[in-house]
Amino acid sequence: MASGHRARVLIRAACLVWLAGCGKPEPVVKIGFAAPLTGDQAPQGQDMLRGAQLAIEHANSQGPILPGIRLELVALDDQRNPTQAVAVAKRLVADPDVVAVVGHLNSSCTMPASAIYHQARLLQITPVSSNPQISRQGFDTFYRTCATDDLQGPAAALFIVKELSAGRVFVLDDMTTYGRGLANELIKKLSALRVEVIGHEGITQGDKDFVPLLTKIKSLRPDLVYFAGMFPEGALLIKQRAEVGLAGYFMGGDGLFDAALIQLATPRAAEGVYLTTIGSDIHQIPTAREFVKAFETRFGSIGAYSAYTYEATSIAVWAVRQAGTKDRSAVLAAIKRLKDYPGLFGLQGFDAKGDSLIRDIGLFTVKAGKFVFLKAASWD
Amino acid sequence: MPALLEVERLTRRFGGVVALDDVTLSVEQGETVGLIGPNGAGKTTLFNCVTGVLRPDDGEVRFGRGPMESLTGLAPHDIAQCGITRTFQNVRLFSGMSVLENVLVGTYIRTHAGLISSMLPSAEARREERWAQDRAMGLLELVGLAGRSHEMAGALPFGLQRRLEIARALSSDPALLLLDEPAAGLNAAEKQALLQLIEQLKGQGLTTFLIEHDMRVVMPISDRVVVLDYGKKIAEGPPKLVQENPRVIEAYLGTSTTVNREP
Amino acid sequence: MEGFRNQTVRWAIGVIAALALPILNPNPYHLDVLTNALLYALLALGLNLIVGLAGLLHLGYAAFFAIGAYTYGLLNLHWHWPFWIGMIPAAIVAGLSGVCLGVPALRVRGDYLAIVTLGFGEIVRIAFTNLEQWTGGPNGLLGIAHPKIWIPGRGLIDFGVASMPYYYLVCITTAAVAVVCVRLSRSRIGRAWVAIREDELAASCMGVPVLQLKLLAQGCGGAIAGLAGAIFASKQGTVTPDSFDFILSVMVLAMVVLGGLGSIRGAILGALLLGSLPELLRWFEQYRMLLFGLTMIVMMRLRPQGLFGRSSQGLAPDRAHAGSA
Amino acid sequence: MTPLQLFCQQLANGLTLGAIYALIALGYTMIYGVIQLINFAHGELFMVGAYVALTLVLLSSAGPLPSGIPWWMTLLVCGLGSMAAAGMLGAAIERFAYRPIRHAPRLNALITAIGMSFFLQNALMLLYGATDRHFPNPIPLTRWEVGGVTVTLMQLVVWAASGLLMVGLQLLVMSTKLGMAMRATAQDLKACALLGIPVDRIIATTFVIGSAFAAMGGMLFGLHYGTINFHDGYLMGLKAFTAAVLGGIGNIPGAMVGGLVLGLLEGLGAGYLSSQWKNVFAFLILVVLLLFKPRGLLGERVADRA
């Protein structure tokens, strides 16, 4: 009997916590933020969060967003799980103070969540979900500040052919929406350019030992190995590639663009690695100089996604200021008027699908333990 | 009387140890047969081979009220379906189930409701369930557990667990009941009650084959006694004669000097 | 009989409260969290048949959920099957895959079964990721139709991404499945399952066809997960392989154990608690999964037999050492 | 590279990962042996070991120690330190999380272990941050070519360290009084308690040894791959569990064999088949093996759960 009683107490306690969750609303306007903040992609998500936080701090330092109303960031953890992403989206939608959402990280989360924001007429700007399919759904609430995979892949292919003259390419991806999408776009273009793709394989995120795979690749003698994925696996591939003695070029996408890549892979092994990024080098762009300084004094080194998220958040703030009200439709109407916004990566704007007009793809190489900017160009 | 169970030249080895060596015996319909022998003589192994728990290495087990069928190679549940059920030396009740549920499990082979009729309301299934409940309660009445039908089987005192196990074995209405040391661990009064129960079952025409150590239990109720030693049948016959058999006496006296011959 | 009526009343109150809730609190987020928790409850009910009743430790249950979701998704995308019809093959395919897995897997016992089922779960997930031409690979299936329902006077209504219709859909499905599970657990089949869990050898000597019933348990459990998968796919509109990872299997198992093995209301309550706990703990931000782990440890310590479990010696740890006679 | 050289190279590659798997699997199997618990938190203890080793390596390179200490000395100290730390943590977990529920149904302990795994993983994230950490490696980058097969000093260190530990464990278990008590406890915990064997202490010792082995695995893992992350324990724990089952859970030589075999299978799978199917390949082999040898490669006993 005592045990039954205890069960009931537990249930009641749970109900109390539940009720405590529904607090009184305050006079604020909120920008939602959703990304994985725990779990294996927490590093990237937390990188994004820092960018968003900085943008909000900057906005608040420029005076109240609406007369007498303070701007706030609501950061929610989607654990890179699509189910959680939908729950998070509904939570943001349900909060009348939320006027725009910045997120999510993973395309697999952005996709189902975008339908919910669309239905609630809530502006969503994803800083990093680069899968082209998302904007093809025709949602007028969806915007993104990064270029899609169908730009980066072909750009890399052109570089491989024209500048590196590599004839035999081995493509690896990390079997995520991002990695597989990027790899497929690259292969499509390479085939069109009549370059021999001698193999395409996936690796598992979180795996550490790629030596057997690289040993096999070595025996195939490729001119170039391309990896579409994130920097933790990228660093290991680069490091183990050196250990195995796999010669030839190594190239990757913007997922590798993180200072940690060189440290984790060791500068020696990373020497000469090429990678493409979306937009130019953040350190090279005069308009971004202030941001870089502010970020580095506040948080330390910049992560791969911090700048995109800062940009997305700033644009959301801009739209709210333009709208001059907490009305979501007004914010949506405002962002449609966005043109030549002076962003970090240049003059930012969106096309009819909501994709960024900045289609510059930057090209970097690693020299003496540092990313060196080679050039930026629009390749399409 | 025709034979109900025939065991022919049954052999079972465990590694190098021969637990059953060329054992031939039979149990006739309506009979109560006692199986005795020192520790490690192969008695439980014989039961396990008959009920399909173990595969014999050699030999055959046949069973049937009319024409005999071979049981060799059948799974335990098929053998139960044929009409042989058993109890276990170290009581194996479903201790997380109630007393009543334990007995109801035994009615599984006498009921037929399938998945669909179990999930959805069906008159047929309800009628069958009522029959099973009545049968189970009747058997609990018989073993004197009717008043405790909703207690957890595992919480019963040991003596009652033994009786519950018998009720469970009876619930499928077997033709042959195998009792593996039913009196082990019981006190004198419980033993007496057990004897009465077995007598009562015998009166109802049930054939029983039991392993027992306690001569005071096995002698009065057995029509016939079979003696195993080192896996071999060394004697068989009416209790009185077997008790006086010098080989049997030797086997039993011999065991007092060896500690344990369990394989 | 008194107890029976009492229980009926309690169930009725529960059902009425569940049905009235969206009217009292129409917050779509709260409803969505509850819907997810109820979907977990549906999964927990299915796993309860396998682990709770039949006693088979299954660590790859998410695979059946995935199979159901992909089955409906593919039927809908390629042949435009509506949800109400598509959920039937989803349940059947998942149930059959449970049986097919069982045929080889049930030859191994105890903890070895755990690893075989774990392997099955991983194989299914990786296969869905790799078989790109059929499953869309890591992108998954996109644009799966939401359920539509015809309401007199209002015409055909698409569930869309609203919260309330899914809440009712999952609520009613869970209630229906719970009723079926209760009936099943009190039938001869349910008793035979528990008997197998308690003592497989004794059960088989009582005439219970162990293998056949284990397969049946896998099939029924799989079918329930398949049904849940179809609902999930229709609710999300997209299906991606990363929704079906090992953590999901483990979470559902934790719900069943927390509720009390074999207890149906336990499975539901356990799922509601564990399913909504991470949302309740959002306030703690980065600390929430830490606290979640801690809660699991504390709950197991406070209520070892689960919320509604009967304490049973059959599950005691020393069981492993009891050799067969 | 001839096909044979390639094959030998892949063997060497697989053995390195396999040796680390084996070290973790040993703890899994020992703990399973004494209390029949699939200790899901074991992978997290492996990570704790890796992080403690990282802290010690960083301290020793920047700290008060005089320079000029040979690299193996540094590693020995760091290894022992992290083994001690993880061992103590393992014992504490056993004492406060598992012991109170030892007589509860076995699935409870499993759920507790899962909860513990969540707890430790997130504690590591909060303590050390979510980003991948670089693990500095004091081992020189020496490499040898043996008949066309490249072997690095790092690989030799992994093999030597894990080999020594395994031999040591085998000696401990087979020929000391403590080992005998451990084996007896694994056979029958209740009987041991009745015979006056201090069962609690034996179980705690098993946790200490198992966790220490995992910690050593963690340090070698960090050294070999150069990066560690708070969630690495999850996948490695899963793999080690698989390895333990492959060898026959509860069986110490089985865990070593299982670890090496799994490492080889993955290596050969990635090297000859396809890296995206390698986990499927490894699991399929496991399932097929269990169908023919239901108790693993070297296993003897099987326990029924639930």
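Every chain is numbered from 1 and lettered A, B, ... according to where its sequence line falls, protein lines coming before strand lines.
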Scored by heavy-atom pairs under 4.5 Å with chain D, the best of C:I297, C:T295, C:N130, C:I126 is C:N130
Donor-acceptor pairs are to be reported for all side-chain atoms of residues 110-125 of chain D against protein atoms at under 3.5 Å, with residues two or more places apart or in another chain.
| residue | atom | partner | partner atom | Å |
| --- | --- | --- | --- | --- |
| D:T112 | OG1 | D:N108 | O | 2.8 |
| D:S117 | OG | D:E44 | OE1 | 2.8 |
| D:N122 | ND2 | D:F118 | O | 2.8 |

Is chain C contacted by the side chain of D:F96, its backbone, both, or neither, given a heavy-atom distance below 4.5 Å?
-> backbone
Under 4.5 Å from any heavy atom of chain D - which part of C:L113 = neither
How about C:F246: does its CZ atom have over 12 heavy atoms from other parts shown lying under 6.0 Å from it?
-> yes
When only heavy atoms count and the cut-off is under 4.5 Å, which of residues 275-287 of chain D reach chain C?
-> D:Q276, D:W277, D:N279, D:V280, D:F283, D:L284, D:L286, D:V287
Is chain C contacted by the side chain of D:L126, its backbone, both, or neither, given a heavy-atom distance below 4.5 Å?
-> side chain
Is chain D contacted by the side chain of C:A127, its backbone, both, or neither, given a heavy-atom distance below 4.5 Å?
-> both
Below 4.5 Å, heavy atoms only, C-beta onward: do D:L291 and C:V116 meet side chain to side chain?
-> no
In terms of heavy-atom pairs under 4.5 Å with chain C, the winner among D:L290, D:L238, D:T242, D:L246 is D:L290
List in chain and number order the residues that pass side-chain hydrogen bond (donor to acceptor under 3.5 Å, both in side chains) with D:Y234, two or more places apart in sequence or in another chain; answer none if no residue qualifies.
-> none
Look only at the side chain of C:Y112 and the backbone of D:I249, and say whether a donor-acceptor pair between them is shorter than 3.5 Å.
-> yes
For chain D, find its close neighbours in residues 58-65 of chain C: heavy-atom separation under 4.5 Å, sorted by number, or none.
-> C:L59
